Amino acid sequence: MLEHLGPELFNGLVLGAFYAIVAIGLSLIMNLTGTINMAHGSFMTLAGYLAFAMISRGTSFWFALLVAPLLTVIVGIVVERTLIRPLYKREPFYSLLLTFGLSLVAEEVFHLIWGANGVPLSPPASLSGTVQLGFMSFPAYRLFIAAALVVAIVALALFLTRTRFGLRLRAAVQDTEMIAALGTNTQVLYMVNFGLGIFLAGIAGVLAAGLLGLSPTSGNALLMPAFVTVIIGGMGSLFGSIAGGLLIGFAISLTTLFIPAASEVSMYVLMAIVLLIRPRGLFGEEGIFG
C-alpha cells in the first residue's frame with residue numbers, strides 16, 4: 001500500500017488545487033458583494049461545455065482553454081448586472097435563493113442542449129501519456145493541471161497585491177463607502193470582482209472537463225468541497241483558500257488510500273476539527289484577500 005502513497009499525495013495536490021481555485025472565486029464574490037453564489041458550479045460546467053463545443057468544431061484545446069472562460073465571464077457579467085446587482089443591498093439569503101434557482105435553470109439548459117449523458121473532452125495529444133518523476137510516473141495532463149492552477153493562483157495574487165485596481169478591490173472589502181467617497185465607481189468594482197471569480201471557475205471547469213468529462217451536474221460536484229474550503233481557510237483569505245484546498249485534497253486522497261469508504265466524509269470531519277479550534281477558519285481574522 002505504501003507504494004501508492006506518492007501517487008495519492010500527488011492526486012491530492014491536483015484535487016486540492018481544484019478546490020482552492022474554485023474557493024478563491026467564491027471568496028472573491030462573497031467578501032465584496034455578500035453574494036453566496038450557488039451557481040458557481042454551473043459557470044464551471046458552462047465553460048466546460050463551451051470548450052467542448054469549440055474543440056468539436058476544430059479549434060485547439062489551448063484556444064478553448066483561453067476563450068471558453070472569457071465567454072463564461074461575459075455570461076456571468078450579464079447575470080450580475082441584470083439579476084444579482086439589485087440584491088446587493090439586501091440580505092445574502094436573497095442572492096442565495098436566486099443563484100440556487102439559476103443553477104437549476106442552467107442544469108436544465110445544459111440537459112436540453114448537450115443531453116443528459118456525459119460527453120468526453122479529450123486533452124491534446126501532447127499531454128497524453130505519463131511523465132516519469134523518478135520515484136513514480138504520473139499522467140502528464142494532471143501535471144499540466146497542477147501547473148496551470150498554480151499559475152492562475154499566483155497571477156491572481158499578484159493582481160490583488162501589485163496593481164492599483166487589485167488594491168482597490170481589497171480596500172473595498174474593508175470599507176466600500178469610503179472607497180466610493182474617494183471617487184471610485186463601486187459598481188465597476190463589483191462587476192470586475194464578479195468577473196474574476198467566474199474566470200477562475202471557467203478555467204477550473206475546462207481543466208476538470210478534460211480530466212473527468214462533462215455532464216449537466218459536473219460543476220456542482222466541486223461546489224460543496226469549495227464551500228468547505230472557504231470555511232476551513234477562513235472567509236476573505238486568499239492564502240486560506242489555498243491552504244484549505246490542499247488540506248482537503250490530501251485528506252480525501254489519504255482517506256481513499258487507507259479507508260476508502262470514508263473518503264467523502266473526510267473533508268467534513270476536517271472542517272469540524274478546524275472550526276472547533278478556530279471558529280473563523282485558519283486565516284479568517286481579517287476578512288480581506290490575502
Side-chain angles (χ1 to χ4, degrees), residues 11 14-26 29 37-79 99-100 102-128 139-153 156 194-227 229 245 249:
N11 281 331
V14 174
L15 187 62
F18 267 123
Y19 294 158
I21 198 167
V22 179
I24 289 170
L26 284 170
I29 295 170
N37 187 16
M38 297 298 293
H40 209 68
S42 297
F43 286 113
M44 293 177 60
T45 307
L46 174 62
Y49 273 124
L50 290 175
F52 170 76
M54 285 186 281
I55 294 172
S56 299
R57 286 163 176 74
T59 62
S60 69
F61 173 84
W62 308 107
F63 180 81
L65 179 60
L66 175 64
V67 175
L70 292 176
L71 293 177
T72 305
V73 168
I74 294 174
V75 176
I77 288 176
V78 171
V79 170
T99 54
F100 179 71
L102 287 175
S103 70
L104 296 179
V105 172
E107 185 176 324
E108 289 303 316
V109 171
F110 300 149
H111 181 277
L112 289 173
I113 298 175
W114 287 286
N117 298 324
V119 295
L121 194 157
S122 301
S126 58
L127 295 178
S128 61
Y141 184 63
R142 295 197 177 199
L143 288 172
F144 167 73
I145 287 174
L149 294 178
V150 168
V151 169
I153 291 171
L156 176 65
F194 195 89
L196 274 175
I198 299 304
F199 183 69
L200 294 176
I203 292 174
V206 176
L207 294 175
L211 182 65
L212 306 172
L214 272 169
S215 69
T217 60
S218 57
N220 292 330
L222 291 173
L223 186 60
M224 184 53 67
F227 274 113
T229 298

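Note that the coordinates shown come from a computational prediction; the quantities given were computed from them, not determined experimentally. Positions are given from 1, in the same order as the sequence printed here. These values consider heavy atoms only, across backbone and side chains, with no hydrogens, waters or symmetry-generated copies.
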Inset, instruction - Enumerate the residue pairs fulfilling side chain to side chain donor-acceptor pair (under 3.5 Å) with a member in residues 39-53, sequence neighbours excluded, ordered by first and then second residue. - result: Asn37-His40

Legend entry - Listed once per pair and sorted, the side chain to side chain donor-acceptor pair (under 3.5 Å) pairs that draw on residues 112-126, sequence neighbours left out: none

When the side chains of residues 52-62 are checked against the rest of the protein, which donor-acceptor pairs come out under 3.5 Å, sequence neighbours left out?
residue: Ser56; atom: OG; partner: Phe52; partner atom: O; Å: 2.7
residue: Arg57; atom: NH1; partner: Ala53; partner atom: O; Å: 3.2
residue: Thr59; atom: OG1; partner: Met54; partner atom: O; Å: 2.6
residue: Thr59; atom: OG1; partner: Ile55; partner atom: N; Å: 3.4
residue: Ser60; atom: OG; partner: Phe63; partner atom: N; Å: 3.1

Legend entry - Partner residues of Leu46 under the side-chain contact (heavy atoms from CB on, under 4.5 Å) criterion, sequence neighbours left out: Leu50, Thr72, Val75, Phe110

Inset, instruction - Could you tell me the separation between the OG1 atom of Thr99 and the CG atom of Leu104, rounded to the nearest 0.5 Å? - result: 10.0 Å

Legend entry - Test ring pair (Phe, Tyr, Trp, His ring centres under 6.0 Å) applied to Phe199 - qualifying residues, sequence neighbours left out: none

Legend entry - Residues in side-chain contact (heavy atoms from CB on, under 4.5 Å) contact with Val151, at least two apart in sequence or another chain: none

Legend entry - Val73 to Gly195 - nearest heavy-atom pair and separation: CG2-O, 3.6 Å

Without placing hydrogens or testing angles, list every side-chain donor-acceptor pair under 3.5 Å for residues 206-218, not counting sequence neighbours.
residue: Ser215; atom: OG; partner: Ser218; partner atom: N; Å: 3.4
residue: Ser218; atom: OG; partner: Ser215; partner atom: O; Å: 3.0

Legend entry - Heavy-atom side-chain proximity of Leu26 to Leu223 below 4.5 angstrom: yes

Inset, instruction - Only counting residues at least two apart or in another chain, list the ones meeting side-chain hydrogen bond (donor to acceptor under 3.5 Å, both in side chains) with Asn11. - result: Arg142

Legend entry - Closest approach of Ala39 to Leu102 (non-hydrogen atoms, all atoms of both residues): CB-CB, 4.2 Å

